[in-house]
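Single-structure report; data block below.
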Amino acid sequence: MNFFSRSRAAGLLALAFSLSLLAGCGAEPDGGAAVSAAGSAAVPVIVSGRRYFPQLERSDVPYSQMSCEHYAASRFAPYAAAVAAFASDGGEQEAFDAACRAAEDELRSIDTFCSLQSLKVSENPGNSAAADEEVYISGVSYDARDAYWSAMHQVAVSPHARLLDSGYADWQKEAFQKYDAGSTAGEELYSREEKLEKRYEALLSADRVDYGAVCDLYVELVKVRREIAAQEGYDSYASDAYESSYARKYTPEEAQQFWDAARTCFAPMIAKYAGAADDAAGATEDGELDCSPDALLDALEDTAGQMSPELRAPARYLRQYGLYDLSSGESRLDSGYTVFLSAYNEPFIFNTPTHSYLDYTSLFHEFGHFTNYFYCGSDLLFGTSDNDLSELQSQGMEVMFFPYYDRIFGAERGRAVRASVLMQLLYSVVDGAMYDEFQQRVYAEKDLTAQRVQDIFRQVYESYGYKTYDGYQEEWMDQIHNFEMPFYYISYGVSALSALELYDRQQDSPAAALDTYLTVAAMNTEEYYFTDALEAAGLSSPFSTADCRAVAQAVEESGGLTP
C-alpha cells in the first residue's frame, strides 16, 4: 500500500493529514500502529504534577498573512530529480539530506495550498472556479508525492541506499524500498472521486437541494470507490477505508459488535429522553445568547485557562494568530472542521455558525482537534491519524466544558445545554453504528441503484429505533461524511461512548476526569491506536456489550438527560 494513496480521497473534512516531520523522527512500528509510529507507545508522562505535552515548533504566522497561490504542475519536478540523482551518482550525505529536506518542504507548501484552497471553497461551495482550482491543486499534490516517493524508492534500491541510514528509521527505508507507483489506483479514479465530492457540495449548497441528483451521485461515488479498492488489492471498500484511510486496529466485521451494543443499549435511551432534551434545548433559543465570534472565543479562552495551563496555551494561540473562521453567510459550507496547515505547523478551525448554543459546543469540539494538532502536528509522509482517538479528543473536550456551563450560559440554560449535548453524544453512538452499518451494506451491494440505497437506509434506520417521517430519507444525504469521508462515522460512535464514560467519572471527580482526558489529549493520533489508547487511559472497550451497557446505565442514572 502506498502511504499517501488514500489521503486525497479522505477529503477536506478529515482532521487534516498534513505536517511532514523532519526525516528520521519516526519509530519502528511494534505490533501494529497508526501507520507512522509505535502501537505500543507509552502513556504520556506526568511532569511536576501536570500532563506532559510535546512541544511543536510553529511558525507564528497569522492566518491573515497566509496566501494560496496557483502552483504550476511542473514546479516540483526539479526537487524530485535532485533526490533521484543520488540513486545513480551517489554523493555526499550532507547534499543528499539537503535535497530531501528541500523536497519535503516543498511538499508541505503544496499540501498547505490544498488546505487553504479547501477553506476558500468552504466559504462558498458554489464557486465553481475555486472548486476547480481545489481539484487541480489536489491533483498536483498527488503527483508531487508520487514523484517524491518514486525518487526515494530509486535511492532505497540503489547501491547508494546507505544515504538513507542517517536520516530514516528502518521501517521508513523499507517503505521506500517497497513503494510501487503502479500499486495504487490511478489518478483518473481519484480525480473522478474528487469531482463527484465537489459536485455534492455544490448540490447541497443550493437553495433547493435536488436530493434525487444527490442520491444518483452517491451511487456513482460508490462505484468509483469500489474500483479504487480493487486496484489497491482490497476485496471490499470497507476494508480499504478502515485500514488505509483510518488505520483502525479493528476490522469492519469486528465493528458489528458495536452496532449491536448501540442498538440495544443506547437507542432505547434516545427514544426515552430525546423529547425532554429537545424541549430543553428549544427553550434556550430566546435570542438573548451572544453568539458573536468574540463571545465564543472569550468563553473558549477563559474556560480553557481555568481548566489547565496545557489547554490555555492553544486557546490563546488560536486567537492571537486568527486561526479560525467563524463567519456567517448563507453560501458557506454548513459544517465545522479543523485542518492542519503543514507549512506553518499551525491548525485552523472552520465553523459555520447556527446562531445558537451549538456555536459554542461546536467550537469546543473543534478545539479538541486543534489542541492535539497544536502539540503533536501530523506527519505528511508516513502519518495516518486514528480518527477514533481524534474524535475522543474532540468529544471528550466537549464534556470537559460541562462544569463551566452555568458560568458560560447561566444556570438554567446551562442545564438545558448540558442535557442537549449529552443527548447529542447518545445520537453519536447510535448514528455512528447506524451509518457504518448502512455504508457497509451499500458498498457490499452488487447491483446498486438509487432505490436500493434508499431501501437499505430505511431498513437500517428503523432497526435502530428511529421512526420514519416525510423526508427522513434525506437525512443520510445531508451528512457530508457519507460522501466525503466514507466509513468515518463510526469514529463518532465509539469515541462518544468513551466521552460518556468521562462524563460519568466527572460526576464523582471533575479533576480525575480532566486528568484522564488530558492523558488522551496528549496522545499523538498517529502513534496510538484508539483501542490501545483506551487501555492506556483506563477507559472501557466499545466492543464489549457489558461495558457499553454499564456506561449507558451510568449516564441514565446521572439524571443529566432530564434538566
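One-based numbering along the sequence shown.
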Quick one: are [X] and [Y] in side-chain contact, heavy atoms under 4.5 Å?
X	Y	answer
L300	Y324	no
R75	V140	no
L392	V494	no
H70	Q117	no
R312	P309	yes
E220	D216	no
Y63	L323	yes
C376	E526	no

Hey, mind stepping through E201 and K198 against salt bridge (Lys or Arg N to Asp or Glu O under 4.0 Å) and telling me if it holds? CA-CA 5 Å; E201 291 179 14; K198 296 307 114 183; 2.9 Å; yes
I'd like to know if the side chain of [X] and the backbone of [Y] have a donor-acceptor N/O pair within less than 3.5 Å.
X	Y	result
S495	Y492	yes
Y517	Q393	yes
R58	E346	no
S67	E69	no
S138	E134	no
T371	F367	yes
S141	I137	no
D111	A343	no
D359	T354	yes
Y404	A304	no

Looking only at the aromatic ring of each residue, does the gap between the centers of Y246 and F487 stay below 6.0 angstrom?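 Ring centres of Y246 and F487 not closer than 6.0 Å.
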Return the [atom1] to [atom2] distance between [X] and [Y], rounded to the nearest 0.5 Å.
X	Y	atom1	atom2	answer
L358	N351	CG	CG	9.5 Å
S118	F350	OG	CZ	11.0 Å
S308	L514	OG	CG	6.0 Å
D334	I480	CG	CD1	9.0 Å
L422	E398	CG	CD	10.0 Å
E484	E197	CD	CD	5.0 Å

For the residue pair [X] and [Y], what are the closest heavy atoms and their distance?
X	Y	value
T352	L333	OG1-O, 2.5 Å
F340	S115	O-OG, 3.9 Å
T384	S245	CG2-O, 3.3 Å
C291	H355	SG-C, 3.7 Å
G126	S205	N-OG, 4.1 Å
S491	E391	O-CB, 3.8 Å

Could you check S428 against Q395 for side chain to side chain donor-acceptor pair (under 3.5 Å), going step by step and ending with a plain yes or no? CA-CA 10 Å; S428 290; Q395 295 190 102; 3.3 Å; yes
R407/T303 under side chain to side chain donor-acceptor pair (under 3.5 Å): CA gap, chis, key distance, verdict: CA-CA 9 Å; R407 186 176 304 170; T303 307; over 6 Å; no
Residues, nucleotides or ligands: over 12 heavy atoms within 6.0 Å of R199 CZ: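 It does not: R199 CZ has 12 such atoms or fewer within range.
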Determine whether more than 12 heavy atoms belonging to other residues, nucleotides or ligands lie under 6.0 Å from atom CD of E57.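 Atom CD in E57 is not crowded, with 12 or fewer foreign heavy atoms closer than 6.0 Å.
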Pick out which of Y435, F438, Y466 makes a ring-ring contact (aromatic ring centres under 6.0 Å, His included) with Y461.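 With Y461 as partner, Y435, F438, Y466 yield a single ring-ring contact (aromatic ring centres under 6.0 Å, His included), made by Y466.
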Check each of F457, Y200, Y211, W476 against Y218 using the ring-ring contact (aromatic ring centres under 6.0 Å, His included) test, and report the only one that passes.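 Going through F457, Y200, Y211, W476 one by one, the ring-ring contact (aromatic ring centres under 6.0 Å, His included) with Y218 is satisfied by W476 alone.
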Evaluate M434 against Y489 for side chain to side chain contact (heavy atoms under 4.5 Å, CB included), listing each step before the verdict. CA-CA 9 Å; M434 180 187 72; Y489 229 84; over 6 Å; no
Side-chain ion pair, [X] and [Y], N-O less than 4.0 Å:
X	Y	answer
R319	D298	yes
K223	E227	no
D325	K120	no

If the plane angle is over 60° it's perpendicular, under 30° parallel, otherwise tilted; pick one for Y237 and Y443.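 Geometry flag for Y443 against Y237: parallel rings.
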Using 30° and 60° as the class boundaries, would you call the ring planes of Y360 and F409 parallel, tilted or perpendicular?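 Rings of Y360 and F409: perpendicular, as their planes differ by over 60°.
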Give the C-alpha distance, both sets of side-chain angles, the deciding distance and a yes or no for side chain to side chain contact (heavy atoms under 4.5 Å, CB included) between D478 and L204. CA-CA 7 Å; D478 286 327; L204 206 64; 3.7 Å; yes
Verify side chain to side chain contact (heavy atoms under 4.5 Å, CB included) between V429 and I270, making sure each step is shown before the conclusion. CA-CA 10 Å; V429 171; I270 289 178; over 6 Å; no
Under the side chain to side chain donor-acceptor pair (under 3.5 Å) criterion, do Y71 and S109 qualify, and how do the steps go? CA-CA 10 Å; Y71 191 95; S109 294; over 6 Å; no
Under a 3.5 Å cutoff, is there a donor and acceptor pairing between the side chains of D436 and Q440?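 Yes, because at least one side-chain N or O of D436 sits under 3.5 Å from a partner of the opposite role on Q440.
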Only one of H369, H365, E366 passes side-chain hydrogen bond (donor to acceptor under 3.5 Å, both in side chains) with T338; say which it is.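 Of all the options given, the one that passes is E366.
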Step by step, work out the side chain to side chain contact (heavy atoms under 4.5 Å, CB included) result for Y488 and Q479. CA-CA 11 Å; Y488 188 104; Q479 294 293 348; over 6 Å; no
Under the criterion side chain to side chain donor-acceptor pair (under 3.5 Å), I'd like the reasoning laid out for Y317 against D60: C-alpha separation, chi angles, the key distance, then a yes or no. CA-CA 9 Å; Y317 194 89; D60 298 343; 2.8 Å; yes
